[in-house]
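Each chain gets a letter, A, B and so on, in the order its sequence line appears, and its residues count up from 1.
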Protein chains: 2
Amino acid sequence: MMVGMDEARQHEPRWLSDDEQGVWRAFRQAVGMLNAHTETQLQHDAGMPQAYYEVLVELSESPDQVMRMSDLAIATRSSRSRLSHAVAKMEAKGWVRREACPTDKRGAFAHLTPAGFEAIKAAAPGHVEAVRAAVFDQLTAEQVRMLGEISEAIRDGLRPRCPEVERRLSAEDGDPAAEDGDGDDTGRAA
Amino acid sequence: MMVGMDEARQHEPRWLSDDEQGVWRAFRQAVGMLNAHTETQLQHDAGMPQAYYEVLVELSESPDQVMRMSDLAIATRSSRSRLSHAVAKMEAKGWVRREACPTDKRGAFAHLTPAGFEAIKAAAPGHVEAVRAAVFDQLTAEQVRMLGEISEAIRDGLRPRCPEVERRLSAEDGDPAAEDGDGDDTGRAA
DNA sequence: CAGTTGTAGTTGAGCGCTCAACAAAGAGCT
DNA sequence: AGCTCTTTGTTGAGCGCTCAACTACAACTG
């Protein structure tokens with residue numbers, strides 16, 4: 001049991017060098033502070049967390065300010081659960097309206113309301129200014145370019161293994177201990 | 001009302017260019033996925049969130065595995081409140097022990113226990129491997145170097161204005177609306 | 001067509017974090 | 001000494017997120 005890690009167990013772990021450790025710590029610090037900064041900025045000035053902001057942005061850029069819940073979840077890199085909770089809250093605030101899908105009866109659309117549009121319109125300038133001041137004003141053009149490349153490399157490297165599939169893959173190496181409740185024998189109804 | 005922002009209101013906001021927006025989005029995606037990845041990795045393999053891991057690391061590297069709560073809070077870039085809650089949980093798990101400070105009677109030490117040391121010792125290889133695979137294996141040496149510089153620039157640019165002081169500064173520009181409950185008239189007791 | 005498998009979305013419990021309020025003690029001032 | 005200001009740490013409420021369970025429908029299969 002406790003299979004989990006495929007590597008990092010039989011061989012001596014590939015520890016980080018001092019330089020790498022320095023880079024990693026600086027990165028963690030920068031990301032942590034930046035996140036805290038933009039988070040409280042948005043919460044304070046616009047009364048919404050950053051995650052909601054990104055949902056509204058995505059919706060506002062969509063053809064008719066409408067999106068399927070699932071697509072919206074993918075676009076914002078959030079779980080369906082998270083998005084569902086989030087949209088529920090934003091619906092209560094009047095920023096988003098839910099609508100049933102006629103062709104696929106389990107589906108739902110999330111619709112940006114005029115009030116939601118106003119909310120993001122009001123939030124955007126302050127947020128963009130905060131991002132510019134914290135990031136782009138601190139970097140040279142060359143560094144900005146590199147940050148883009150670096151981010152893409154990390155993101156693309158993570159894409160294949162990132163979704164919650166993770167440990168589902170580990171089942172491939174012959175471990176039949178699939179006791180994580182996947183194949184749940186739901187007592188069907190109706 | 002809705003004063004808040006010092007800049008980004010009288011002038012037209014300095015919107016991001018298309019390139020900058022692309023960089024910013026890739027960065028957000030990378031950070032979001034990376035965070036989710038390491039978070040679930042640690043939670044899954046070691047039963048602790050990343051924040052606790054960093055607390056244990058900081059403690060384990062300290063001279064006698066002891067630190068003042070405040071210093072520990074600063075070192076981990078967390079609020080006193082957060083650390084207090086975290087240490088409470090970790091104390092319940094037997095990873096940390098609290099100890100009163102003899103010279104300053106309001107102070108407290110956080111002490112890493114042997115069990116805590118074992119916990120982080122067990123957690124480290126998997127976590128380091130995840131970080132290496134997600135970050136350093138994806139980047140060239142040059143990119144790693146640049147990531148360090150970029151992170152330092154962002155972090156150092158944020159350091160002055162980052163603490164919760166933020167809006168306390170905005171009171172300097174002549175806005176007397178200090179109704180955010182700062183100067184709280186605590187009813188003394190004895 | 002029934003039976004199975006996959007997909008879309010919701011729900012509630014539990015957890016970590018934030019925020020404001022608080023208690024207790026040090027530090028400075030008169 | 002007494003008074004205020006500051007620092008240290010804790011606490012509880014509220015919130016967003018995760019995780020697992022669940023409903024409901026769609027799509028594939030024999």
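- Under 3.5 Å, the side chain of A:His85 and the base of C:dG12 form at least one donor-acceptor pair of N or O atoms.
- Separating the CG atom of B:Leu72 from the P atom of D:dT8 is a distance of 14 Å, rounded to the nearest angstrom.
- Residue-level contact check: B:Ala51 touches the backbone only, with heavy atoms under 4.0 Å from sugar-phosphate atoms and none from bases.
- OP1 or OP2 of C:dC17 has not a single side-chain nitrogen or oxygen of B:Ser78 nearer than 4.0 Å.
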For A:Gln50 and A:Thr38, run side chain to side chain donor-acceptor pair (under 3.5 Å): C-alpha distance rounded to whole Å, both residues' side-chain angles, the deciding distance at 0.1 Å, then the answer.
CA-CA 7 Å; A:Gln50 206 163 358; A:Thr38 54; 3.0 Å; yes
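- At whole-Å resolution of the value, CG in A:Leu42 and P in C:dT18 are 16 Å apart.
- At most 12 heavy atoms of other shown residues, nucleotides or ligands fall within 6.0 angstrom of atom CZ in B:Phe117.
- Put simply, the side chain of A:Gln29 never gets that close to the backbone of A:Ala26: no donor and acceptor are under 3.5 Å apart.
- Using a 4.0 Å heavy-atom criterion, one finds that B:Ser84 contacts the bases of the nucleic acid, with or without backbone contacts as well.
- Proximity of a side-chain donor or acceptor of B:Gln138 to a complementary backbone N or O of B:Ala133 within less than 3.5 Å is detected.
- A heavy-atom distance below 4.0 Å to DNA chain C is reached by these residues of residues 96-109 of chain A, ordered by number: A:Arg98, A:Arg106, A:Gly107, A:Ala108.
- If you measure from atom CZ of B:Arg82 to atom P of D:dT11, you get 18 Å, rounded to the nearest angstrom.
- A:Val31 and A:Met146 end up in the same hydrophobic cluster when Ile, Leu, Val, Met, Phe, Trp and Tyr side chains are linked at under 4.5 Å.
- For the pair B:Ser79 and C:dC19, the criterion of a side-chain N or O lying under 4.0 Å from OP1 or OP2 is not met.
- Residue-to-nucleotide proximity on DNA chain D shows that, of B:Leu83 and A:Gln43, the 5′-proximal contact is made by B:Leu83.
- Between A:Arg68 and C:dA8 there is no side-chain N or O to OP1 or OP2 distance below 4.0 Å.
- Summarising the geometry, the separation between CD on A:Glu39 and P on D:dC15 is reported as 15 Å, rounded to the nearest angstrom.
- Interface remark: the B:Ser81 side chain does form a donor-acceptor pair with the D:dT11 base, using a distance-only criterion of under 3.5 Å.
- D:dG16 atom C1' lies 14 Å from atom CD of A:Glu54, rounded to whole Å.
- Pairs of residues two or more places apart, or lying in two chains, that qualify as ring-ring contact (aromatic ring centres under 6.0 Å, His included) and include a residue from residues 47-100 of chain A are A:Tyr53-A:His127.
- One interatomic measurement links the two molecules: CG of A:Asn35 to P of D:dG16, which rounds to 16 Å at whole-angstrom precision.
- What separates OH of B:Tyr53 from P of C:dG16 is a distance of 18 Å, to the nearest Å.
- Atoms CZ (A:Arg80) and C1' (D:dG16) sit 19 Å apart, rounded to a whole Å.
- A heavy-atom distance below 4.5 Å is not found between the side chains of A:Val135 and A:Val144.
- Closest-nucleotide positions on DNA chain C for A:Met69 and B:Tyr52 were compared, and the one nearer the 5' end corresponds to A:Met69.
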